[in-house]
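First up is the structure itself, then whatever we jot down about it.
This one's a predicted model, so the numbers in the text were calculated from it and none came from an experiment.
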Amino acid sequence: MRIAMIGTGYVGLVSGACFADFGHHVTCVDKDSAKIDGLNTRVMPIWEPGLEALVNANAERRRLHFTTALEDGVRQAEAVFIAVGTPARRGDGHADLTYVFNAARELAKFIAPGAVVVTKSTVPVGTGDEIEKILLEEGAPAVSVASNPEFLREGAAIADFKHPDRIVVGAEDEHAREVLREIYRPLFLNRAPILFTGRRTAELTKYAANAFLAVKISFINEIADLCEAVDADVQDIARGIGLDNRIGPKFLHAGPGYGGSCFPKDTVALLQTAESVGVAQRIVRTTVEVNDSRKSAMAERVARALGGDVRGKRIGVLGLAFKPNTDDMREAPSIPLINDLVERGAIVSAFDPVARHQAEPLFEGVEFADDAEAVARAADALVIVTEWDEFRALDLEALAQSMRGKVLVDLRNVYDRDEAERAGLAYHGIGRGRSGTQR
Ligand code: NAD
């Protein structure tokens with residue numbers, strides 16, 4: 001199959017490289033010429049495990065190409081995927097569809113008759129209908145418009161793409177279904193379930209999935225708060241409920257609130273869709289509120305661990321990216337936490353294994369260190385914000401000795417209280433019984 005991928009970001013680049021690896025011929029298009037120049041000289045624009053090797057191997061086989069010229073990729077393509085960003089629109093939180101509609105307008109000029117336009121971007125229900133209208137207005141030949149939302153997770157994107165829990169395809173005609181079946185055939189043979197639905201259903205499935213995962217996170221975070229008040233342990237509770245097959249163990253890690261490029265914007269966009277049709281979505285609304293207030297409460301949690309005041313205190317932050325194994329800083333819980341600490345007069349030193357270049361422009365007055373040891377040196381408190389593997393086996397005793405204060409605020413429950421206390425640290429986890437931050 002000949003595929004054009006419009007938008008070469010986290011989703012477009014991973015999807016394009018994986019499709020090429022399946023044996024398809026893929027042209028990845030992006031407006032960002034620095035990104036495309038970089039890719040053409042094999043410089044990856046993002047940090048994602050396994051991506052560089054996959055891109056290089058398929059580019060060498062001449063199955064994967066990068067260009068800023070949309071027409072180069074689109075003219076020959078049997079399927080044109082739209083994988084551009086759909087950020088929250090300023091002001092109201094609706095999904096901003098400017099990039100999607102611009103892409104549709106641009107591709108309309110070059111698309112071949114019979115090709116399938118496939119939306120991979122997360123878009124509100126009904127966007128496929130709008131794209132159809134745009135194509136018609138722009139004089140495109142007869143083509144199909146399908147929805148194929150993407151469920152990959154940053155940090156495990158390639159594995160997720162190649163071994164998905166399911167593939168969702170929303171299409172209104174058999175030709176589109178056939179083309180997508182062919183594109184995903186290698187996964188189909190591996191028995192990945194492919195779910196064919198109507199286009200609107202596929203569009204909404206993506207929002208429902210992200211909203212449900214966000215609900216799970218906010219739920220366990222509220223249970224963690226309750227644990228702190230009644231001396232119970234949220235880790236044990238998560239295990240105790242997660243072993244129930246009806247609940248499942250995933251997404252039950254109490255922490256500083258969800259961030260990232262998807263959950264925050266997608267939950268709010270779902271609410272906007274629901275509001276526009278006059279349907280209440282009280283659970284998702286509350287989830288958003290719980291998460292917003294949680295993220296903004298994290299600095300206070302650190303302050304409490306330090307006796308209430310952080311002015312002049314030196315605070316070491318371990319981990320900045322919104323989760324491990326990515327350099328993505330979008331909506332990362334580290335952002336409000338650090339900004340708030342700095343505003344309260346703390347001196348913040350931070351380290352992240354890969355996100356430094358993305359993080360630096362986001363903060364003012366923050367020192368960036370090269371490792372965990374440097375962050376801990378002379379610090380009054382150490383705060384674990386992102387649970388990178390390399391923070392799971394820190395020499396706590398050595399860190400404690402180099403610190404000025406002896407406070408460990410573990411927002412990801414990486415360590416046990418006993419372990420931290422043996423190293424001479426006062427431990428403040430999330431929902432860990434006698435966490436100390438509450439009393
Ligand atoms: P991104 O910001 O990393 O990439 C988008 C790219 O599109 C950018 O490189 C931008 O320059 C390019 N672009 C915009 N308009 C263009 C145009 N007209 N022509 C060519 N290129 C254009 O975004 P992302 O994280 O890859 O997300 C893309 C979509 O996928 C979003 O809708 C997002 O919600 C969804 N999604 C993201 C993830 C994720 O983990 N990042 C997972 C599932 C779904």
Side-chain angles (χ1 to χ4, degrees), residues 1-22 24-46 51 54-55 58-59 61-87 95-123 127-150 161 171 175-176 179-180 182-183 199 261:
M1 281 269 164
R2 283 183 302 276
I3 295 172
M5 185 67 64
I6 304 184
T8 308
Y10 284 86
V11 166
L13 181 54
V14 169
S15 308
C18 288
F19 281 149
D21 211 47
F22 295 169
H24 303 305
H25 285 269
V26 182
T27 304
C28 287
V29 182
D30 206 287
K31 277 199 169 327
D32 182 341
S33 54
K35 199 176 262 190
I36 295 299
D37 288 350
L39 282 163
N40 279 325
T41 52
R42 307 289 170 259
V43 178
M44 296 303 111
I46 54 169
L51 183 64
L54 193 74
V55 166
N58 286 287
R61 288 183 199 129
R62 308 202 143 275
R63 291 208 296 249
L64 182 60
H65 305 274
F66 301 101
T67 181
T68 52
L70 187 123
E71 58 178 295
D72 290 354
V74 171
R75 268 189 208 285
Q76 307 284 323
E78 290 146 282
V80 180
F81 283 79
I82 299 179
V84 300
T86 48
D96 182 349
L97 294 173
T98 315
Y99 302 105
V100 172
F101 292 157
N102 283 347
R105 249 173 236 117
E106 289 162 37
L107 73 86
K109 300 183 200 109
F110 308 110
I111 194 162
V116 183
V117 176
V118 191
T119 314
K120 209 169 228 330
S121 301
T122 302
V123 293
T127 302
D129 307 351
E130 296 296 316
I131 292 174
E132 243 170 25
K133 272 190 218 147
I134 290 173
L135 296 176
L136 208 64
E137 276 164 26
E138 298 294 322
V143 297
S144 310
V145 176
S147 161
N148 170 220
E150 184 49 58
F161 197 91
H175 170 64
V179 167
L180 278 148
E182 190 54 35
I183 288 173
R199 196 167 59 204
S261 69

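Side-chain atoms of R42 come within 3.5 Å of backbone N or O of L39 as a donor-acceptor pair. A distance-only check finds no donor-acceptor pair linking the side chain of T67 to the backbone of V29 [under 3.5 Å]. Here the side chain of R199 pairs a donor or acceptor atom with the backbone of V145 at under 3.5 angstrom.
The shortest side-chain heavy-atom distance between E78 and V116 does not fall under the 4.5 Å cut-off. Contact annotation: the side chain of F110 never approaches that of V80 to less than 4.5 Å [non-hydrogen atoms, C-beta and beyond]. The side-chain heavy atoms of K120 and P149, taken from C-beta on, include no pair separated by under 4.5 Å. Between T68 and D30, the closest side-chain pair of non-hydrogen atoms is not below 4.5 Å. For the pair L64 and M5, the minimum side-chain heavy-atom distance is 4.5 Å or more. At a threshold of 4.5 Å between non-hydrogen side-chain atoms, the residues S121 and V11 do not count as touching. No side-chain heavy atom of V143 sits under 4.5 Å from any side-chain heavy atom of P113. Using a 4.5 Å heavy-atom threshold, the side chains of S15 and F161 count as touching.
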- Would D21 and R61 satisfy side-chain contact (heavy atoms from CB on, under 4.5 Å), going step by step from the backbone distance to the final call? CA-CA 10 Å; D21 211 47; R61 288 183 199 129; 3.4 Å; yes
- Task: Could you go through the side-chain contact (heavy atoms from CB on, under 4.5 Å) check for F66 and L13 one step at a time?
- Result: CA-CA 10 Å; F66 301 101; L13 181 54; 3.6 Å; yes
- List the steps and the verdict of side-chain contact (heavy atoms from CB on, under 4.5 Å) for V118 and I82. CA-CA 6 Å; V118 191; I82 299 179; over 6 Å; no
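Heavy atoms of other residues, nucleotides or ligands lying less than 6.0 angstrom from CZ of F101 number more than 12.
Here the CD1 atom belonging to I131 is positioned 3.5 Å from the OG1 atom belonging to T119, to the nearest 0.5 angstrom. Rounding to the nearest 0.5 Å places CG of L70 at 10.5 Å from OG1 of T27. With rounding to the nearest 0.5 Å, the separation of CG in N58 from NE2 in H65 is 10.0 Å. Between atom NE2 of residue H25 and atom CZ of residue R2 there is a gap of 8.5 Å, rounded to the nearest 0.5 Å. Separation of atoms CG (D129) and CD1 (I134) is listed at 11.0 Å; rounding is to 0.5 Å. The distance from atom CE of M44 to atom CG of L51, rounded to the nearest 0.5 Å, is 6.0 Å.
When every heavy atom of T86 is checked against every heavy atom of T122, the shortest pair comes out as OG1-O, 2.9 Å. Heavy-atom minimum distance, A140 versus I111: CB-CG2, 4.2 Å. A112 and P141 make their closest contact through C-CG, 3.9 Å (heavy atoms, listed as atom of the first residue, atom of the second, distance). Residues C28 and I36 share a closest heavy-atom pair of O-CD1, 4.1 Å. Counting all heavy atoms, side chain and backbone alike, V26 lies closest to A20 at CG2-N, 3.6 Å. Taking each heavy atom of A79 and V179 in turn, the nearest pair found is CB-CG1, 4.2 Å.
Under the 30°/60° scheme for interplanar angles, the aromatic rings of F19 and H24 are found to stand perpendicular.
Salt bridge annotation for K31-E106: present, with a cationic side-chain nitrogen under 4.0 angstrom from a carboxylate oxygen.
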